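All of these numbers come straight from a predicted model, not from anything done at the bench. Proteins get letters first, then strands, A, B, ... in listed order; numbering begins at 1 in each. These numbers come from the heavy atoms of this one structure, side chains and all, not from hydrogens, waters or symmetry mates.
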Number of protein chains: 2
Amino acid sequence: MKQKDVKIPEATIKRLSTYINCLEKLDGDGYQVVSSDLLGESCQVSPAQIRKDLSYFGEFGVRGVGYGTRSLAEQIKKILGLDHIWTTVLVGVGHLGQALLNFTAFRQHGFRIVGAFDADPAKIGTVVSDGVVIEPVSALDDTIHREQAGIGIITVPAANAQETADLLVEGGITGILNFAPIKVRVPENITLRNVSILSELDNLAYLLSNRTRRRSRKKS
Amino acid sequence: MKQKDVKIPEATIKRLSTYINCLEKLDGDGYQVVSSDLLGESCQVSPAQIRKDLSYFGEFGVRGVGYGTRSLAEQIKKILGLDHIWTTVLVGVGHLGQALLNFTAFRQHGFRIVGAFDADPAKIGTVVSDGVVIEPVSALDDTIHREQAGIGIITVPAANAQETADLLVEGGITGILNFAPIKVRVPENITLRNVSILSELDNLAYLLSNRTRRRSRKKS
DNA sequence: TTCATATTGTGATAAGAATCACGCAACCGG
DNA sequence: CCGGTTGCGTGATTCTTATCACAATATGAA
Ligand SMILES: NC(=O)c1ccc[n+]([C@@H]2O[C@H](COP(=O)([O-])OP(=O)(O)OC[C@H]3O[C@@H](n4cnc5c(N)ncnc54)[C@H](O)[C@@H]3O)[C@@H](O)[C@H]2O)c1
Ligand SMILES: NC(=O)c1ccc[n+]([C@@H]2O[C@H](COP(=O)([O-])OP(=O)(O)OC[C@H]3O[C@@H](n4cnc5c(N)ncnc54)[C@H](O)[C@@H]3O)[C@@H](O)[C@H]2O)c1
């Protein structure tokens with residue numbers, strides 16, 4: 001992976017993630033080699049787009065032949081940094097937090113949740129998934145250090161998201177995935193991503209409200 | 001709302017959704033009028049971007065003054081089609097499905113989940129949230145018609161996502177929000193959006209893996 | 001070996017989105 | 001009621017992303 005130092009579009013990174021899924025599906029279907037055409041068909045991206053995306057990072061295919069299904073998936077995982085375990089903590093074990101803690105695909109993608117924290121005293125001590133016990137927020141710092149956690153997931157109510165982010169940063173986390181519908185602020189050196197499920201639904205509502213006279217776009 | 005018939009960037013729609021959140025927060029903080037500058041500060045978008053986004057749909061502000069906080073929020077809701085109730089059904093009441101069923105903000109944004117469906121016989125009949133009882137998938141068609149549901153949410157395992165989408169379409173749903181990590185196929189006239197939490201985490205992993213030598217972008 | 005075929009990798013081009021910069025409208029203080 | 005100030009709306013510009021089209025390279029058959 002030689003990663004030319006041109007800027008990589010964010011959209012490219014998003015697609016790489018989906019390529020992995022499609023490649024694994026195709027691998028399961030028995031394809032040992034896939035062309036950009038076939039892969040594009042499978043994940044609804046144009047073949048040229050796939051080749052361009054990959055070309056940012058190097059050459060992974062064989063001209064006239066295609067890409068090794070399994071090996072390309074591995075390469076992409078390496079590009080995305082999924083070739084090693086990301087130790088993760090989650091704060092706010094409510095409805096969404098519970099769901100994420102039980103989301104087995106995380107583990108398969110290399111994310112291991114090693115700590116779950118909540119402010120509600122009644123929840124402390126509860127076992128939430130294999131081996132993980134809910135701890136008080138006061139234990140965040142210790143656990144982050146002991147487990148060398150690098151990623152923090154925020155699933156507390158919006159009103160408490162900023163303070164939670166602050167605690168995570170203070171504890172030494174370098175990346176945050178925030179599910180609260182609010183823009184939390186973090187220092188320059190912290191990487192933050194927001195997941196807004198509500199805005200996806202809003203988007204759907206908009207599309208449905210304006211179906212008449214719409215160009216035939218087939219994005220996502 | 002006059003909606004000039006130029007194409008609206010998808011990114012604009014996504015931002016409109018966040019503007020609503022920020023406006024409601026600012027309203028709560030006592031601002032009756034906000035400038036694009038203040039709003040931009042609050043939701044981390046440039047003032048020019050905000051004005052441009054709004055200009056696609058008309059003129060909502062007063063020159064030299066700003067925007068009425070409450071009224072702008074209302075206008076945006078109208079633009080997004082959030083000025084009426086969207087009747088919704090959810091298929092797959094597992095960990096994630098449970099979380100979504102208990103997500104109160106849905107209701108506040110105008111989405112009402114009127115039906116929950118699962119293939120597991122053991123779950124049928126369970127009450128999941130105020131008044132909603134888990135029904136068998138065979139009841140999908142009836143419920144969609146009876147409740148005039150327009151949106152379907154898919155939270156079944158990836159392997160069952162396509163068949164679920166087919167059922168929803170068959171039942172008369174026109175919009176689908178899919179949480180399964182697979183590209184389901186739907187007819188032209190159905191609006192589909194995919195939510196990929198995993199790919200957000202993958203993205204985070206990528207950013208963390210490549211922190212050295214990175215341009216100072218402050219996107220989401 | 002040589003030709004026909006498949007399919008990659010990428011520079012050139014087109015399309016799309018964000019930013020700039022400035023005209024103009026509204027308010028305010030004197 | 002006038003001049004100064006604020007801050008919106010938007011055409012022009014710049015920056016970013018996607019698409020195109022084709023040279024380059026591997027394979028396999030004759
Ligand atoms: N439920 C969903 O499907 C869903 C979907 C999208 C986004 N979200 C967002 O995720 C967040 C959580 O949603 P939820 O439905 O799980 O809410 P919830 O009320 O079920 O859970 C919130 C949990 O956070 C804990 N908590 C509160 N303050 C805390 C603090 N300061 N430190 C640690 N823990 C704290 C509470 O005790 C509770 O267990 C919200 O911001 C919500 O907007 C939820
Ligand atoms: N759990 C998460 O946090 C999370 C996050 C992102 C995406 N997802 C995705 O959401 C989906 C569900 O995840 P989950 O963790 O809730 O899984 P889960 O196994 O807890 O729940 C799946 C539910 O779907 C039901 N089901 C299975 N086949 C069905 C069918 N054909 N029709 C109706 N119901 C059916 C099952 O009985 C079960 O109740 C998966 O595709 C997963 O990849 C989950």
>> Can you tell me whether the side chain of A:R51 and the base of C:dG9 have a donor-acceptor pair closer than 3.5 Å?
In response: yes

>> Less than 4.5 Å apart, side chain to side chain, heavy atoms only: is that true for A:V91 and A:L167?
In response: no

> Are B:E41 and A:K183 ion-paired here, with the side-chain N under 4.0 Å from a carboxylate O?
Replying inline: no

> Which value, rounded to the nearest 0.5 Å, describes the distance between B:S199 atom OG and A:Y19 atom OH?
Replying inline: 12.0 Å

> Does B:S46 put a side-chain nitrogen or oxygen below 4.0 Å from OP1 or OP2 of C:dT19?
Replying inline: yes

> Is the shortest side-chain N/O distance from B:Q49 to OP1 or OP2 of C:dA17 below 4.0 Å?
Replying inline: no

> Given atom CZ of A:F57 and atom P of C:dG9, what is their separation to the nearest angstrom?
Replying inline: 14 Å

> Any salt bridge between A:R70 and A:D27, counting N to O under 4.0 Å?
Replying inline: yes

>> Can you measure B:L54 atom CG to C:dA18 atom P for me and round it to whole angstrom units?
In response: 14 Å

> Can you check the B:I50 CD1 to C:dT19 C1' distance for me, whole Å?
Replying inline: 14 Å

> Does a side-chain N or O from B:Y67 land closer than 4.0 Å to OP1 or OP2 of D:dT6, or not?
Replying inline: no

> Taking the side chain of B:S36 as its heavy atoms from C-beta onward, which of C:dA17, D:dC8, D:dA18 lies nearest to it?
Replying inline: D:dC8

>> Using OP1 and OP2 only, check whether a side-chain N or O of A:K52 sits under 4.0 Å from D:dC20.
In response: no

> Between D:dT25, C:dA21, C:dA26, which one does the side chain of B:A48 approach most closely?
Replying inline: C:dA21

> OP1, OP2 of D:dT17 versus side-chain N and O of A:K7: anything below 4.0 Å?
Replying inline: yes

>> I want to verify a distance call: between C:dA18, D:dA18, C:dA26, whose nearest atom is closest to the B:V65 side chain?
In response: C:dA26

>> What is the separation between atom CZ on A:R15 and atom C1' on D:dT19, rounded to the nearest whole Å?
In response: 11 Å

> For B:I8 and D:dT10, what is the distance between atoms CD1 and P respectively, to the nearest whole Å?
Replying inline: 13 Å

> Taking the side chain as C-beta and beyond, is there a heavy-atom pair between B:F106 and B:I113 under 4.5 Å?
Replying inline: yes

> What nucleotide, of D:dT25, D:dT17, D:dT19, holds the atom closest to the side chain of A:R63?
Replying inline: D:dT25

>> In this structure, how many angstroms lie between the P atom of D:dT17 and the CD atom of B:E10, rounded?
In response: 15 Å

> Which residue, A:V62 or B:S35, contacts DNA chain D at a nucleotide closer to its 5' end, judged by nearest heavy atom?
Replying inline: B:S35

> Roughly how many Å is it from CD in B:E59 to P in D:dG7, rounded to a whole number?
Replying inline: 18 Å

> Between D:dT17 atom P and A:I13 atom CD1, what is the distance in whole Å?
Replying inline: 11 Å

